[in-house]
Amino acid sequence: VQLQASGGGSVQAGGSLRLSCVASGIPSDSYAVGWFRQAPGKEREFVAAVTWSGGKSYYAESVKGRFTISRDNAESAVYLQMNSLKPEDTAVYYCVAGDVRKTVTLATMCAHSERFDYWGQGTLVTVSS
């Protein structure tokens, strides 16, 4: 599995960005692809994930209503549309993938970053006030 993330950049508070993750080699629809982020001096935290089948998605409380994760079958890509960005959204965002069957539920899986076996390179999002 290879994950190629892109789309980071700098934006003012209230603005929008869209992150893209092209995922190649996903072996099964039981996989989930999503995003974690890590701000300077802070622990890594879950952002959002979607099953490769596209049937289920899950969000961190801090981004619900502002971020939307989606999957494009034709492009083998997952997108994270980020609206109403806040300075606290500033972080390096990582695209991740893993098999949900190892954890039974997507929600449980998202609570543990180690459940995601594959990590792409990060893309920096900077939100200025």
Side-chain angles (χ1 to χ4, degrees):
V1 175
Q2 291 188 326
L3 305 169
Q4 183 69 39
S6 61
S10 298
V11 66
Q12 288 191 329
S16 299
L17 282 174
R18 189 178 82 153
L19 303 184
S20 301
C21 176
V22 176
S24 59
I26 298 291
S28 167
D29 279 354
S30 66
Y31 269 62
V33 178
W35 300 87
F36 277 75
R37 67 186 181 187
Q38 188 164 21
K42 294 188 177 180
E43 292 188 356
R44 190 165 50 192
E45 65 172 352
F46 167 74
V47 178
V50 63
T51 55
W52 197 237
S53 66
K56 293 182 180 180
S57 59
Y58 190 70
Y59 296 89
E61 286 296 326
S62 59
V63 306
K64 273 185 182 177
R66 300 188 299 123
F67 291 11
T68 302
I69 192 167
S70 62
R71 189 207 155 189
D72 184 324
N73 289 0
E75 299 294 329
S76 290
V78 170
Y79 303 102
L80 185 68
Q81 178 65 43
M82 305 185 294
N83 298 329
S84 302
L85 282 161
K86 304 175 181 179
E88 51 263 43
D89 294 317
T90 294
V92 176
Y93 285 69
Y94 297 91
C95 182
V96 300
D99 192 342
V100 180
R101 289 177 298 183
K102 293 183 179 180
T103 324
V104 179
T105 70
L106 181 60
T108 304
M109 183 177 184
C110 293
H112 304 279
S113 62
E114 66 273 15
R115 303 287 181 160
F116 290 87
D117 296 320
Y118 303 97
W119 290 67
Q121 91 288 0
T123 185
L124 177 63
V125 172
T126 303
V127 184
S128 57
S129 57

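These figures come from a predicted structure and were not determined experimentally.
S62 OG to D89 CG: the interatomic distance, rounded to the nearest 0.5 Å, is 7.5 Å. The distance from the CD atom of Q81 to the OG1 atom of T68 is 7.0 Å, given to the nearest 0.5 Å. Taking OG1 of T108 as the reference point, atom CZ of R115 lies at 8.5 Å (rounded to 0.5 Å).
The local environment of CD in E43 is sparse, with at most 12 non-hydrogen atoms from other residues, nucleotides or ligands closer than 6.0 Å. Residue-environment remark: CD (E88) exceeds the threshold of 12 foreign heavy atoms within 6.0 Å. With a 6.0 Å radius and a threshold of 12 heavy atoms from other residues, nucleotides or ligands, Q2 has its CD atom at or below the threshold. At most 12 non-hydrogen atoms from other residues, nucleotides or ligands lie less than 6.0 angstrom from OH of Y58.
In this structure, R44 satisfies the cation-pi test against W119, with its NZ or CZ atom closer than 6.0 Å to the six-membered ring centre and inside 45 degrees of the ring normal.
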task = Go through the steps for E75 and V22 under the test side-chain contact (heavy atoms from CB on, under 4.5 Å), then give the verdict.
result = CA-CA 7 Å; E75 299 294 329; V22 176; over 6 Å; no
task = Could you walk me through whether F36 and V47 pass side-chain contact (heavy atoms from CB on, under 4.5 Å), step by step?
result = CA-CA 5 Å; F36 277 75; V47 178; 5.5 Å; no
key: Derivation of the side-chain contact (heavy atoms from CB on, under 4.5 Å) call for Y79 and I69   = CA-CA 6 Å; Y79 303 102; I69 192 167; over 6 Å; no
task = Kindly indicate, with the supporting measurements, whether the criterion side-chain contact (heavy atoms from CB on, under 4.5 Å) is fulfilled by L19 and V125.
result = CA-CA 9 Å; L19 303 184; V125 172; 4.0 Å; yes
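Heavy atoms only, all atoms of each residue included: M109 and F116 are closest at O-CE1, 3.6 Å. Nearest heavy-atom pair across P87 and S129 is CG-CB, 3.9 Å. Taking each heavy atom of A5 and T123 in turn, the nearest pair found is CB-CG2, 4.5 Å. Taking each heavy atom of A32 and L106 in turn, the nearest pair found is CB-CD1, 3.6 Å. Contact record, L3 with A23: CD2-CB, 3.6 Å, taken as the closest heavy-atom pair. Closest non-hydrogen pair, I26 versus A97, comes out as CD1-CB, 4.1 Å.
No continuous path of hydrophobic side-chain contacts links L124 to V63 [ILVMFWY only; heavy atoms under 4.5 Å]. Tracing side-chain contacts under 4.5 Å through hydrophobic residues (I, L, V, M, F, W, Y), one reaches W35 starting from V33; they form part of the same cluster. A chain of hydrophobic side-chain contacts below 4.5 Å, direct or via other Ile, Leu, Val, Met, Phe, Trp or Tyr residues, connects V127 to L80.
For residues 14-102, every residue pair satisfying the disulfide (SG to SG under 2.5 Å) rule, not counting sequence neighbours, is listed here: C21-C95.
Ring centroids of Y59 and F46 are separated by 6.0 Å or more, keeping the two rings apart.
Side chain to side chain, R66 and S84 fail the donor-acceptor criterion of an N or O pair below 3.5 Å. Side-chain N/O atoms of Y93 and R37 include a donor and acceptor closer than 3.5 Å.
Residues S30 and V100 form no side-chain contact, since every pair of their non-hydrogen atoms from C-beta on lies 4.5 Å or further apart.
At distances below 3.5 Å, not a single donor-acceptor pair connects side-chain atoms of T103 with backbone N or O atoms of T105.
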